[in-house]
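These notes are about the structure you will find just below.
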Amino acid sequence: MKPRIIPVALLKNSTSVFTSHLYSPWRSFGSLAQFIKLQVARQADEILVIDIEASLENREVDDRVFKLLVQNTNIPVSVCGGIMNVQTAINYIEKGADKVVLGIACLSQLETVAQITSILGVQSVSMRLDYKYSLSTGEPELYDYRSKSLTGRSIKSVISNLITCPVGEIILSDVSRDGSLKGLDIQIMRYFQSVNCPVVLSCGAGHPDHFYDAFACKGVSAVAASSIFAYTKETPASVKDYLVLKGIDMRRI
Amino acid sequence: MIRFCRNCLYPETKPSIRFSADGLCSACQWNERKLSSCFYTNRSSQNLIKLIDQNKINPAYDCIIPVSGGKDSTYQVWRILSLGLNPLCITAPTDLMTPIGRRNLDNIKNMGVDHIEFSVDIQTRRQINKYALINVGDIQWPEHVLIFTIPVHAAVMFEIPIIIWGENTVREYGAGRQENEEFGVTLSREYMEENCGFNGLRVSDLSDAAGIDPKKLFLYSYPEADTVTQLGVKGIFLDDYFPWNGMTNQLVARTCGFEVASHNILGTLTNYENLDNYYHGIHDYLKYLKYGFGRATDVACNWIRRGLISRDDAKQLISEIDGAYPALYLDKSLSDILSTINITIEEFNIISDEYTNYSLFQTTSSGELVTRADGSPILINQP
Amino acid sequence: MTLYVVPFDFCNIGSIRSCLDRCSIPYKYLSNSCTLNKDDKVILPGVGTFAQGMNYLRSKNLDQILINHSLSGGFLLGICLGMQLLFESSEEDPGIPGLSLVSGSVKKLPSDQISHIPHIGWSALDTNPMFHSSDQPLFANLIRELQDKDYYFVHSYSCCTNSRENVVATVLHDGNSTNITAMICFKNIYGCQFHPEKSGPAGHSLILSLLLKTS
């Protein structure tokens, strides 16, 4: 399997794309329509859309997001945000998502996760784990973006849940690196060696070498990135050119 | 609910804008800094002349002034000449120029300066106009690029490191990172792509994805980084030395022969800007659909910041004007303008819909936009 | 020729529709009131479980329509789950018979420390040499179409058949070196385990070839 490069659209105000708030103020980057078209043209392997306000506002992702995705992509799209019950997950797939991405709202309700995977199939369900290393224990803990705080729940406990309640893919986000362009957290993979499903690393990619380091690590199937494609000259295509020169086989058009 | 600046009318949807904790937008914050007592007294015209002199390489020309023939560039030429300097005026080509735009550009030639007007292959340009309209919702993308790249090409060709810009559009309109606010900006590809309204589209996309021959893209591409750095090409903003005011610029420009329109221009509050080409209406309409504000808001905000009008009065003025559907721009119909890039009105409406941020506008219960008589959507909440 | 698409529940029908719109190929949704002609074509997309897929077909009385259409030589294209439904049975839901239009069954992909389940991502295909030397231009064209292109896979089960001559292409499952059936062709039945409608320009071109250039 060729490693995948997945541009991420963080949405606010329904269809405006923003980049991380951690290293610069919430910065509007443009409209979703332009984001999708450009990333597809630049050889993205998948698109991940995250509506960060949906859960907070107790609503689903806007219909227009799906319309724009369906009209403008011929590659897989994953949609994250506002999934707190089975019906929402079904709605997203029927409106055009290929995969639904479950966040922290779902993690506390494993029965819901199990129901969603049994109806849609494990391959249509991904799980996003935001985490930070605890200053006191040095261990990675789940982070809740809604309260902007650590939950006290270790990544290890989530992994044991995943064995009983598997999902199709896990997206790992080291929140402290979000928007930093300083590199991905590869160390986290030592916790995931026993997990069977593909893992996507996210947060911090700023240079093609970061992708190289990630793909050299066993278990990493894809890298999801946002700021590198907004603020540097790199595109999915240019990162692939670099990786191919370094001997990694990438999907080409 | 969209937040608006408490002082001017900019919404938080404006790309790259920031708000302070008490609701002041970054454009207004910058303006407050400028109004502080030391800003202009520390930077006199003598400083400007000295800076230009220190960087002079070409024995004949002191600096480059990018000129369009508009009110601002006409004022810039007048200002630089009044300092006793000898600029080389460079025009990056606009597209679908209006007759009044042509007359105003020719007027520059009467001001006592050497002037070089660049042209780019029109077929390629129209291809790019169309690609940019479809893929990033910006029909004037080539214009935004060439305005920056051509003066830098000229700087390299003639070995004139100093380029005199007027307003610092990045700071003036509230973008740019606060930590990067500096003077004498070293223009780089990164600076341009990040800050100059390219909507994310890059020149490299045109050859990679749009299949345009790279040989046709030379002037759209930024010169090689090392030639630019070696020459020490710098952009200087006149606004750093002389308080910038579009209103007074046009008054000065008119004394130099600049011509205004007989009526206010569609979608704006003035008769003295957006005169030079027919694509402005389409560009400003797409801006309104994406972000909920158009050129009239930009002008109103500039007036508010200069104490020319109150926020309440500005709100009233723009409410029926901002974001007008460009059915007719000056004397050309929308279908005539679109035919230059082989797009029908139906196709244009579909493209416009893709870029419309529905969360900003009123919709019916079935999710369709509520529109004004001209077909343009109505904001849910006004400033 | 009329093109029909089976409108499964819980399925991203939008992607198929969007792909067909981009190919400018008109289509209708298949229902039990449709009368199919021999030159009509049917696409079975599919996301979800084997049981869900077969239950849908049976509850809407589409199973017999598909079987009759195929037995009289009509064209079928199964995509992902749609391809799996063409087979006899699946380990995913034992006891639920498939359409049995192609001999073989659907088995769970072996999982170990190296290979991921589900099998997700892009991969090039290994084409079956038996098709390379085919004197039928149709197959020669198909092989040329598939070579040096990457397609998108996302599945946990795969189709297993003893009839090698029906397997147009396989893909290697990382690590444990199993060959997964990627594409089949049996009479006028085609199946893609990958999603051509999600495989970028390569998939778009394949769909056009299959729908317009096959009889």
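Below, chains carry the letters A, B, ... as their sequence lines are ordered, and counting in each starts from 1.
For the set A/G121, A/G219, A/S124, the entry with the most heavy-atom pairs within less than 4.5 Å of chain C is A/G219. Note: A/D98 leads A/L120, A/D98, A/V70 in heavy-atom pairs under 4.5 Å with chain C.
Heavy atoms of A/R4 lying under 4.5 Å from chain C belong exclusively to its side chain. Residue C/I120 touches chain A through both its backbone and its side chain, counting heavy-atom pairs closer than 4.5 Å. Using a 4.5 Å cut-off between heavy atoms, C/Y151 does not touch chain A at all. Heavy-atom distances place no part of A/T117 under 4.5 Å from chain C, backbone and side chain included. Heavy atoms of C/A124 lying under 4.5 Å from chain A belong to its backbone as well as its side chain.
Enclosure of atom NZ in C/K108 is not indicated, since only 12 or fewer non-hydrogen atoms of other residues, nucleotides or ligands lie within 6.0 angstrom.
Partner A/N74 forms a side chain to side chain contact (heavy atoms under 4.5 Å, CB included) with one of C/R22, C/K198, C/H195 and no other, that one being C/R22.
Residues C/Y152 and A/R251 are not in side-chain contact: their nearest non-hydrogen atoms beyond the backbone lie 4.5 Å or more apart.
The side chain to side chain donor-acceptor pair (under 3.5 Å) test applied to C/E88 returns no partner, not counting sequence neighbours.
Judged by distance alone, the side chain of C/Q52 and the main-chain N or O of A/I119 form a donor-acceptor pair under 3.5 Å. Listed for the C/D150 side chain is a donor-acceptor partner under 3.5 Å among the backbone atoms of A/R252.
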